[in-house]
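This report refers to the structure that appears directly beneath it.
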Amino acid sequence: MTTTPRVGVLALQGDVREHVRVLTDLGAEVTRIRRPEELAAVDGLVLPGGESSVIDKLSRAFGMREPVREAIADGMPVYGTCAGLILLADRITDGIEGQQTFGGLDVTVRRNAFGSQVDSFEVDLDIPALGGSPVHAVFIRAPLVEQSGEGVERLATLDDGRVVAVRQGSLLGTSFHPEVTGEHRFHALFLDMVRERVR
Ligand code: GLN
């Protein structure tokens, strides 16, 4: 029996609509999440790209910080892109004063790691975990995974070895934005993690 995965996209700020579209295309039932009771009704969560310091502040203002942290601790599958990856990191460098993350991923992530000279760029990445053709990856003021703990799987690196996609247990993070290029394989992997968890 195949069940329709029920997933949410944290909808406080960022490219929520793009994630909703990809997940809907893949057959998921998708809810925009702004309240704890909405989070309680889904089996997986996407943290969108946008501005991590703003999402951090809004999550506290909306009373969502603790519920998201509890969901992560509880093993809920969560996929973060760009700002979402920053929000999943246990440690960040170059955050703004007082910036917090939800945490869960045993990584150190540097915000805006490519500097102000390189605001955005695109590359094709071979990602063995996804198989098939390379992923066309769009980086926009993107973070880098500078350090990762033993339990963290490195899914993708740039040519120079710098890490831009990771997985640890039920958490998945990418420095880039598959949701803006029509790339569906990361979201499909996330939905597999959600189905696995529900079963
Ligand atoms: N630089 C942003 C941040 O710090 C992330 C950019 C993005 O999500 N495209 O949150």
Side-chain angles (χ1 to χ4, degrees), residues 7-23 30 32-34 44-62 64-65 68-69 72 77-125 127 135-148 154-158 162-168 171-187 189-190:
V7 296
V9 179
L10 188 66
L12 301 173
Q13 189 267 338
D15 67 345
V16 175
R17 194 185 341 170
E18 287 78 0
H19 282 286
V20 170
R21 186 175 305 140
V22 176
L23 293 163
V30 191
R32 288 170 166 79
I33 307 287
R34 293 190 190 85
L45 180 68
V46 167
L47 305 177
E51 175 47 55
S52 57
S53 60
V54 173
I55 298 174
D56 165 39
K57 278 187 192 148
L58 290 175
S59 74
R60 287 185 262 161
F62 278 66
M64 286 301 293
R65 178 176 161 79
V68 171
R69 285 169 59 81
I72 291 170
V78 182
Y79 174 30
T81 64
C82 203
L85 165 63
I86 297 169
L87 287 158
L88 279 178
D90 280 345
R91 299 166 295 278
I92 57 171
T93 38
D94 285 355
I96 68 163
E97 179 75 29
Q99 181 169 353
Q100 299 177 19
T101 67
F102 300 125
L105 266 182
D106 181 10
V107 297
T108 306
V109 162
R110 179 176 295 277
R111 283 179 72 228
N112 303 327
F114 298 92
S116 52
Q117 298 299 312
V118 188
D119 215 37
S120 67
F121 63 97
E122 305 184 13
V123 293
D124 289 329
L125 298 172
I127 304 186
V135 169
H136 186 69
V138 176
F139 293 78
I140 306 166
R141 295 187 311 289
L144 267 176
V145 178
E146 288 196 324
Q147 178 272 335
S148 55
R154 299 166 169 205
L155 298 180
T157 55
L158 298 174
R162 290 185 290 177
V163 178
V164 291
V166 291
R167 176 169 55 183
Q168 181 184 11
L171 305 180
L172 181 65
T174 57
S175 298
F176 49 91
H177 293 273
E179 71 279 9
V180 304
T181 53
E183 169 61 62
H184 282 30
R185 286 172 287 173
F186 274 101
H187 292 79
L189 176 63
F190 164 68

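Worth saying up front: this structure is predicted, and the values here are computed from it rather than measured. Numbers here are sequence positions counted from 1. Order of appearance sets the numbers: ligands from 1, and atoms from 1 within every ligand.
- Remark: ligand 1 atoms within the under-4.0 Å shell around heavy atoms of G49 are 8 (O).
- Scanning the protein heavy atoms around atom 1 (N) of ligand 1, the nearest turns out to be N112 OD1, 2.6 Å.
- Between D106 and D90, the shortest heavy-atom distance links the atoms CA-OD2, 3.4 Å.
- Between I140 and ligand 1, at least one pair of N/O atoms sits closer than 3.5 Å.
- Taking only nitrogen or oxygen atoms, main chain and side chain alike, T81 does not reach within less than 3.5 Å of ligand 1.
- Between T174 and F186, the closest heavy-atom pair is CG2-CE2, 3.6 Å.
- Here R141 has heavy atoms under 4.0 Å from ligand 1 in both its backbone and its side chain.
- The E51 neighbourhood of ligand 1 comprises atoms 2 (C), 3 (C), 4 (O), 10 (O), with distances under 4.0 Å to a heavy atom of that residue.
- G98 and D56 make their closest contact through O-OD2, 4.3 Å (heavy atoms, listed as atom of the first residue, atom of the second, distance).
- Using a 4.0 Å cut-off to heavy atoms of I86, the atoms of ligand 1 that qualify are 3 (C), 4 (O), 10 (O).
- For the residue pair H136 / E122, a side-chain donor-acceptor distance below 3.5 Å is found, with atom types taken as modelled.
- Residue G50 places at least one N or O, backbone or side chain, under 3.5 Å from an N or O of ligand 1.
- The side chain to side chain contact (heavy atoms under 4.5 Å, CB included) test with V164 singles out one residue from V145, V123, T157, L144, and that residue is L144.
- Close contacts between ligand 1 and S52 involve ligand atoms 3 (C), 4 (O), 10 (O) [criterion: under 4.0 Å to a heavy atom].
- Looking at ligand 1, you won't find any N or O of C82 less than 3.5 Å from one of its N or O atoms.
- Of the possible polar contacts, one joining the R65 side chain to the T101 backbone as a donor-acceptor pair under 3.5 Å is found.
- Checked by distance only, ligand 1 and S53 stay at 3.5 Å or farther apart across all their nitrogen or oxygen atoms.
- Here E51 pairs with R111 in a salt bridge; the nearest charged N to carboxylate O distance falls below 4.0 Å.
- Exactly one of L125, T81, T181 qualifies for a side chain to side chain contact (heavy atoms under 4.5 Å, CB included) with F176. That residue is L125.
- From the protein, the heavy atom lying nearest to atom 4 (O) of ligand 1 is R111 NE, 2.7 Å.
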